[in-house]
Protein chains: 4
Amino acid sequence: MRFFSDNAAKVHPKVMEAIAAADRVDTAYDGDALSRQLDGAFSELFGTEVRAFWVTTGTAANCLALAGLCPPYRGILCHKDAHIEVDEAGAPGFFTGGAKLILLDGDGAKVAVETAAAACDLIRKDVHQVQPAALSITNATEYGLVYRAAEVATLGEFARERGLAFHVDGARIANAVVSSGEALADLTWRAGVDAMSFGFVKNGGMNAEALILFRTELADEIAVRRKRAGHLLSKGRFLAAQILAMLDGDLWLDNARAANAAAHTLASAVPQRLVHPVEANELFIRVSAVEVEALRSQGFDFYDWGPGEIRFVTSWDSQGEGLERLAAALAAL
Amino acid sequence: MRFFSDNAAKVHPKVMEAIAAADRVDTAYDGDALSRQLDGAFSELFGTEVRAFWVTTGTAANCLALAGLCPPYRGILCHKDAHIEVDEAGAPGFFTGGAKLILLDGDGAKVAVETAAAACDLIRKDVHQVQPAALSITNATEYGLVYRAAEVATLGEFARERGLAFHVDGARIANAVVSSGEALADLTWRAGVDAMSFGFVKNGGMNAEALILFRTELADEIAVRRKRAGHLLSKGRFLAAQILAMLDGDLWLDNARAANAAAHTLASAVPQRLVHPVEANELFIRVSAVEVEALRSQGFDFYDWGPGEIRFVTSWDSQGEGLERLAAALAAL
Amino acid sequence: MRFFSDNAAKVHPKVMEAIAAADRVDTAYDGDALSRQLDGAFSELFGTEVRAFWVTTGTAANCLALAGLCPPYRGILCHKDAHIEVDEAGAPGFFTGGAKLILLDGDGAKVAVETAAAACDLIRKDVHQVQPAALSITNATEYGLVYRAAEVATLGEFARERGLAFHVDGARIANAVVSSGEALADLTWRAGVDAMSFGFVKNGGMNAEALILFRTELADEIAVRRKRAGHLLSKGRFLAAQILAMLDGDLWLDNARAANAAAHTLASAVPQRLVHPVEANELFIRVSAVEVEALRSQGFDFYDWGPGEIRFVTSWDSQGEGLERLAAALAAL
Amino acid sequence: MRFFSDNAAKVHPKVMEAIAAADRVDTAYDGDALSRQLDGAFSELFGTEVRAFWVTTGTAANCLALAGLCPPYRGILCHKDAHIEVDEAGAPGFFTGGAKLILLDGDGAKVAVETAAAACDLIRKDVHQVQPAALSITNATEYGLVYRAAEVATLGEFARERGLAFHVDGARIANAVVSSGEALADLTWRAGVDAMSFGFVKNGGMNAEALILFRTELADEIAVRRKRAGHLLSKGRFLAAQILAMLDGDLWLDNARAANAAAHTLASAVPQRLVHPVEANELFIRVSAVEVEALRSQGFDFYDWGPGEIRFVTSWDSQGEGLERLAAALAAL
């Protein structure tokens, strides 16, 4: 059974149905009836006016947003283990035209406001050093930790004071909402977030993510940047359909709830081996080489996270016998 | 009935079926079983070894290829009406890092070798003027004309002599192959083409296009550029499935044949009004404002191409009663 | 005698003296006593508050300004013979991050407002086509013609109406001021110009040009962009010294007056062969190949501008016997 | 007396004389008689064929070289305190089109081969992580330490094995040569260096640095990139003249010898307070706030390097009474 990542999980049946149902002739690009519903659907979801854009990858959603928030000659504060730093092939540099990522430390890939402030204070205020223009965090983080609304608000306040735009990589925002039990609005715009990626692909979608702008005045620029980056698909209705299906009846929350529950099932089996608290759908555990081998030989698929450490990621469909077998195998280590 | 563009047509049922059939867990990105078939499938199709990459738009396919063929400080010769010049929001500048499009004239958006040569000859060979590094043509052109294999070969020979890379925008390459009756290989690599976009979305696909490299040594760079541009989807199997379905049993040719036939049906109804010969699936006709109004009032959807001129584009599903009604309406003008 | 270009002329003795006098230890970059005088000196010269930056080339001055005025995803209207298009190696694309030059026709490299308006009107207002963000003109033009204040004001009004920034390439602004007899302010900011390059090197300087911002709120950004492009010299006092020397006692106008006068002397010798009216310090004349040969054999150095056409450019030190000999030789053709 | 930096020191009289002597009409750009001597002069100096380009700043020299050595989608290994990382305003990102600096630790801003190797080994060999393409070191380092020839050769061997280009920031290469007593060739191309900046401005020049290519096949590209970045001055003879004057009679070595000697004079006065060994012309010492105040009150100008630490930089003209007074003041701390 596959616990390598949530990024290749099956597509949820309701998403598949929505795609099939979208197969009618309509206006091209994002002028179709479905795409035109996105602004409204997300504005309702967030409880404030937003502008929403479909794209096909989290990298595109993150980096288009960052390009709108940070000019080429400035920098973006982020964790040194942030996806935009370690797993997007330098995409922030490409989309922004050469802006610099200013890297911060922090346990579990979380950014503390003190760390961000200290990094800013070290930068001389002259033209020789790159001045930050934005702060980016990932919620849930790359290590499966979750920022609570109060934490996001503290960072948002810091960003406001320093004149920084505030971006959230929300590839797993659904898992964060479910984990925190807090309102989506409190985790985002009420906490001062300006723009975010809103992940669906890891959560049961096929190939549609959303870029959400709380600073709606950026919408025209982002629309052009999306086209210019080759991310304006002509049959956009098939992307919009996926997103609307995920929002319908809170499927996005149900799926995240299932994924988080599966991670907790596994965590309960090996509480003493956890590298990080399990707050979302990721699980990092300490193992010996022999144990890795034993798990693999039982047919489990996971990620070697470095010497003596492995990663499991659960997804909306991680349940039933496969999950129980893994929990048992972990407990038996 | 919609004749506005082929870019929003319905998805062919076989493509839809292939997408549904691809809904199983597999490795992420392009490591899955379907994506790994692309190199082989296209190599067989072309009769030579190629490297093939799925992307979701023609803009991405074209501009990733151009970024691999032209350094930031040089230029790309293309027609002044080329899609990369007029309809991709400056994407070539973004992907290449600022390379210049050097614009050429020519009837029906076709580039003649003499025109390209004259443009090159006008450029001083010094560091002050941008030196061309590549030639790009579109086949079928933006006006629905088709380069024959001999024409492509002449341009390829010119490119080779001048040290230029040779790119083809093949958004409608299927229509060109069907129209010319010539071999795909003769229209591309045997004529000296280095890289091309191979369109499927306008021809019955949902959101998968292919970038084909005949210069296979560029593959590693293009793979990185694709990721860096946010175009490496995590569930790539759904893109590969579409392409494989289109290639299977020559569906791509059948669909193009249908589209071209529909265009000829329309052309036959108004032979004296054609602005350009109808060689593929596009039809430009001269009309008065009153006639435009009359056609619109009958429910036909098309593109105002400028004063006194309108464009119809047919697609794989342009047939039956709707098509006949339009032909009749055109004949009645 | 050299009439090839004004760009390699001798340095005016007063500029040389100023450089020698600047050889004292001072703060680095642009913090020194001389550099700090530039804002004030130019504000006084223009009769309005400006921000002034030394750079070493017109290309840097133009393209840093354009980068401040036009985002990467938009375009700059300019004449197809503009220096930024034909002689800066694609620098606008590099500095702006890929913005597009939208080329305009016009006699003598002059842009007419009707032409600019027509070009704008042809651009569809959608995300597929690059929307203009700026208009750039050169005064005096690359063909030695001069925009009068009223013409600049008309273009400025057009730019304002269309929401375009307005840039002037002033490599030869001194020649334009002298030629028009109009006030510098009327030719620039009072006519709606937002930023300009102010040329000194072609007019007796060694290697200092100025970038002038009338929109002073751009100054912080331009300061960073200058550094980032490697154009913040550590001993900036030697650049500031040159510029201050050129402004002192209106040396910049005296030098331009001499250059223009020399061009008129030559023009008077061959009035019937002039390709363009001679309004500044450039002279294009029609000649046969035999005549070209004859002139060269007499030791004159000039530029072959194409079949049957040659260019002479005069500079501040084009006078005396050499000039008279050339005038005589031209008259004798 | 000024010990803030060597970057604003006086120009050496022989350089001033050479500039004055260059004031004659000649071909523009780098076609003049002086500029054309550079390749030969440096080839002789290095004892191998090189291509040499004048530019006006170290930032331009470094970043043009890096743009030639590293494509936009790859990375450059360098020390976290390297000038290209901390003091060039993100210029590497601008010139390369978004390449990433991969930061290394190391005492005194020196890169150890083990550190570089470990950083490379941490990078997964896939398209998601940025792969390094180049290694850049600074000699002498930003903390005044000097790489010996054997150390450079070890790094060069590492670079070769890993397929990395090798760049040296030689803003103070003269100080390194004098300090090490080793041959310039052994510190550069014989050790595997591909390209370097060769500093003159900090060593008695006015505004001319050199970019040296040992991989001469890059020369055409660098020539275009220089122009495109606005760094091709029209009266280049005044830059070439400076460089030739510095090379003449080994003035560059004499000046560096004087600067290094001055630093040693100061170091000898406070041996117990040195933060780093003094190997070139920089001196970092530990001081209390009261001591800082005391030094400032005596008229000494230096750089606050952080809490409890100050930096002195000596230059070619740091000698005589001012130097002795500072040495005495330091000894008296």
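Residues from residues 103-131 of chain D that place a non-hydrogen atom less than 4.5 Å from a non-hydrogen atom of chain A comprise D:R124, D:V127, D:H128, D:Q129, D:V130, given in numerical order. Residues of residues 301-309 of chain A that come within less than 4.5 angstrom of chain D, heavy atom to heavy atom, are A:Y303 in numerical order. Below 4.5 Å, heavy atoms of chain A meet heavy atoms from D:V86, D:D87, D:E88, D:A89, D:G90, D:G93, all part of residues 86-95 of chain D. Of all residues in residues 60-83 of chain D, none places a non-hydrogen atom less than 4.5 angstrom from a non-hydrogen atom of chain A.
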